[in-house]
Visitor: 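My structure is below; once you've seen it, I'll send some questions.
Remember, it's 1-based here, ligands and their atoms both numbered in the order they're listed. These figures come from a predicted structure and were not determined experimentally.
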Amino acid sequence: MKPNIKDLSFKEFVAFLVERKHPSYRARQVWQWLFQKRVTSFDEMTNLSRPLRDELAAAFSIGRLKIERRAESRDGTIKFLFGLADGESIESVLIPEAHRLTLCVSTQAGCGLGCAFCATAVLGLKRNLTGSEIVDQVLEASRTLTDERRITHIVLMGMGEPLANYEHTLRALEFITDGDWGIGISPRRVTLSTVGLVPQINKLMEETRVNLAVSLHAPNDELRGQLMPVNRKYPLKQLMDCCRALPLPRRKRITFEYVLLRGVNDSESHARQLAALLRGIPSKVNIIPFNPHPQSKFTRPTDEEIARFQNVLHDEGVQINVRRPRGDDIQAACGQLQGEAIKEARREKGVAAAI
Ligand code: SAH
């Protein structure tokens with residue numbers, strides 16, 4: 001099979017052209033066709049000469065993702081199940097709000113980090129997505145929109161750990177954020193969420209200007225180690241020291257995600273520990289009431305319990321936001337992006353698909 005042209009970086013494509021004696025400005029034209037006009041064949045690139053179009057078609061494919069399923073929630077959230085060329089599948093979620101349209105994007109098929117409450121973790125890591133498979137989620141979702149609607153925000157909070165797939169994620173971010181030949185979504189409107197891989201966080205903050213969200217989920221090492229095995233490799237002190245030292249421009253904050261699990265990490269004492277942990281870090285806390293799923297024994301706190309936790313943080317001066325579940329009737333809420341993939345995994349193992 002021919003290589004997918006979107007798996008080359010802009011620089012690599014320029015090198016390809018120059019080597020074949022084409023002017024380097026052609027790279028910008030081709031990339032604009034791919035990422036701005038979203039064409040699916042070289043034939044449509046009408047400002048290129050016929051021989052160049054033929055040469056590109058002989059060397060590359062323009063891969064696409066197959067929309068295997070599309071489910072729309074009562075609240076307008078749309079979940080896409082995309083099929084990849086090798087039969088794996090991934091999910092993306094389009095979340096309309098008053099003044100923004102956010103796409104939640106996957107960076108791996110499955111995930112190898114093993115967080116105790118997460119549905120994707122049940123799958124284990126299948127494989128990293130390539131740069132083209134990440135950016136194609138944005139292109140395919142955009143193709144389903146009418147002309148006046150555009151995706152305004154991207155969150156890398158779908159399946160997988162983006163910083164465990166660093167190189168491909170960075171390639172995709174370049175396609176998504178470049179304002180000249182790329183999709184042109186400003187890095188200020190892109191948020192990457194991580195379990196807290198410290199060296200890669202440092203690298204990301206040096207190499208990009210995207211927003212950072214860190215999944216914290218517990219305010220001490222003992223509990224965090226139980227919920228998130230990664231904490232044994234990068235314990236809280238190391239993670240928080242890293243966050244404290246990040247070169248954030250003025251007024252920019254790190255988002256800390258905290259999934260509230262009933263009776264596990266939701267007491268007033270946990271809230272106070274969390275506030276103490278965040279002192280001195282420009283931060284805001286995104287509280288995500290746990291979204292139940294069949295693979296998990298955890299439950300969601302009641303509204304009163306959520307409010308109690310929230311009030312303690314508020315009194316401690318922590319900036320908070322409680323995330324409403326979106327698309328929970330179509331299993332598109334945070335941490336639920338596994339439905340089809342789980343069924344497939346079970347089928348492979350010969351277990352009856354019970355969900
Ligand atoms: N690997 C990245 C991005 C994945 S998911 C990360 O861990 O940050 C985005 C967020 O959803 C993470 O904070 C994750 O911990 C959280 N999450 C996972 N399962 C969840 C569930 N069932 N309910 C609520 N949030 C969940």
Side-chain angles (χ1 to χ4, degrees), residues 77 79 90-93 95 102-126 128-129 134 137 154-166 168-169 172 190-198 200-201 204 210-218 223-224 226-231 233-234 239 243 254-262 264-266 274 283-301 306 309 321-328 330-339 341-342 355:
T77 302
K79 179 167 86 165
I90 50 165
E91 295 180 19
S92 315
V93 184
I95 309 156
T102 303
L103 186 72
C104 178
V105 166
S106 295
T107 52
Q108 297 181 313
C111 183
L113 272 299
C115 296
F117 47 84
C118 178
T120 307
V122 179
L123 300 169
L125 176 63
K126 300 290 187 74
N128 282 334
L129 301 187
I134 299 171
Q137 296 169 59
I154 299 288
V155 294
L156 302 177
M157 296 186 184
M159 301 169 93
E161 166 53 41
L163 295 186
N165 183 16
Y166 190 88
H168 294 137
T169 297
V190 177
T191 302
L192 181 149
S193 176
T194 176
V195 289
L197 304 182
V198 169
Q200 289 89 335
I201 290 179
L204 180 82
V210 301
N211 298 301
L212 182 67
V214 176
S215 291
L216 210 50
H217 306 330
L223 184 54
R224 194 165 188 267
Q226 288 166 18
L227 297 175
M228 304 177 71
V230 71
N231 196 70
K233 189 157 186 198
Y234 301 113
L239 177 59
C243 290
I254 302 174
T255 300
F256 289 95
E257 291 155 289
Y258 195 99
V259 56
L260 268 191
L261 307 164
R262 185 168 198 204
V264 175
N265 65 356
D266 64 344
L274 176 59
S283 57
K284 59 184 173 203
V285 174
N286 232 334
I287 293 172
I288 318 172
F290 176 66
N291 286 309
H293 55 85
Q295 286 75 39
S296 176
K297 59 184 187 330
F298 293 107
T299 54
R300 178 189 295 193
I306 296 170
F309 191 84
N321 166 43
V322 179
R323 210 187 281 169
R324 264 176 327 125
R326 295 286 309 245
D328 50 353
I330 54 166
Q331 283 75 53
C334 264
Q336 291 187 321
L337 298 181
Q338 70 0 319
I342 286 270
I355 50 169

Visitor: Could you tell me, atom by atom, which parts of ligand 1 come under 4.0 Å of a heavy atom of Val195?
Guide: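 Per the distance check, 6 (C), 7 (O), 8 (O).
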Visitor: Do side-chain atoms of Gln137 reach the backbone of Ser106 as a donor and acceptor pair under 3.5 angstrom?
Guide: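 Flag set: sc Gln137 to bb Ser106 pair under 3.5 Å.
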Visitor: Look at atom 5 (S) of ligand 1 and say which protein heavy atom is nearest, naming residue and atom and giving the distance to 0.1 Å.
Guide: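 Checking every protein heavy atom, the shortest distance to atom 5 (S) of ligand 1 gives Met157 O, 3.5 Å.
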Visitor: I'd like to check which ligand 1 atoms, numbered from 1 as shown, lie under 4.0 Å from a non-hydrogen atom of Ile288.
Guide: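 Answer for ligand 1: 24 (C), 25 (N).
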Visitor: Which atoms of ligand 1 are found less than 4.0 Å from any heavy atom of Cys118?
Guide: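 Numbered from 1, ligand 1 contributes 18 (C), 19 (N).
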Visitor: I'd like to check the salt bridge (Lys or Arg N to Asp or Glu O under 4.0 Å) partners of Arg224; sequence neighbours left out, ordered by chain and number.
Guide: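 Scan of Arg224 (salt bridge (Lys or Arg N to Asp or Glu O under 4.0 Å), adjacent residues dropped) gives none.
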Visitor: For the 3.5 Å polar cut-off, considering only N or O atoms, please tell me whether Gly160 and ligand 1 meet it.
Guide: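 N/O-N/O distance under 3.5 Å: yes.
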Visitor: Please name the pair of heavy atoms, one in Leu129 and one in Ala109, separated by the smallest distance, quoted to 0.1 Å.
Guide: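 The answer is CD2-N, 3.9 Å.
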Visitor: Name the one of Leu192, Leu212, Ile254 that satisfies side-chain contact (heavy atoms from CB on, under 4.5 Å) with Ile201?
Guide: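 That would be Leu212; it is the only one of Leu192, Leu212, Ile254 passing the side-chain contact (heavy atoms from CB on, under 4.5 Å) with Ile201.
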Visitor: Taking non-hydrogen atoms only, is Val259 closer than 4.0 angstrom to ligand 1 via side chain, backbone, both or neither?
Guide: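 Contact part for Val259 vs ligand 1: side chain (C-beta onward).
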Visitor: Using a heavy-atom cut-off of under 4.0 Å, does the side chain or the backbone of Thr194 touch ligand 1, or both, or neither?
Guide: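 For Thr194, the contact with ligand 1 is made by the backbone alone.
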Visitor: Sort out for me which residue in Leu274, Asn286, Ile288, Val214 forms a side-chain contact (heavy atoms from CB on, under 4.5 Å) with Tyr258.
Guide: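 The residue from Leu274, Asn286, Ile288, Val214 that satisfies side-chain contact (heavy atoms from CB on, under 4.5 Å) with Tyr258 turns out to be Leu274.
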Visitor: Atom 19 (N) of ligand 1: which protein heavy atom is closest, and how many Å away?
Guide: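 Minimum-distance protein heavy atom for atom 19 (N) of ligand 1 reads Gly335 CA, 3.2 Å.
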Visitor: What protein heavy atom sits nearest atom 21 (C) of ligand 1, and how far away is it?
Guide: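 Its nearest protein heavy-atom neighbour is Cys334 O, 3.4 Å.
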Visitor: Considering only the protein, which heavy-atom contact is closest to atom 23 (N) of ligand 1, and what is its distance?
Guide: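 Checking every protein heavy atom, the shortest distance to atom 23 (N) of ligand 1 gives Asn291 N, 3.0 Å.
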Visitor: Testing the 3.5 Å rule here: is there a donor-acceptor pair between the side chains of Gln108 and Asn128?
Guide: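 Yes, a side-chain donor-acceptor pair sits under 3.5 Å.
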Visitor: Decide yes or no for Pro289 and Pro325: does some side-chain heavy atom of the first lie under 4.5 Å from some side-chain heavy atom of the second?
Guide: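 With C-beta onward as the side chain, the pair stays apart.
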Visitor: Any side-chain donor paired with an acceptor under 3.5 Å for Thr194 and Glu161?
Guide: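 Looking only at side-chain atoms, Glu161 and Thr194 do form a donor-acceptor pair, the distance falling under 3.5 Å.
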Visitor: When you measure from atom 4 (C) of ligand 1 to each heavy atom in Gly196, Gly158, Ser193, Ser215, which option holds the nearest one?
Guide: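 When every heavy atom of Gly196, Gly158, Ser193, Ser215 is considered, Gly158 comes closest to atom 4 (C) of ligand 1.
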Visitor: Who's closest to atom 15 (O) of ligand 1 heavy-atom-wise, of Glu257, His293, His217?
Guide: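 Answer by nearest heavy atom: His217.
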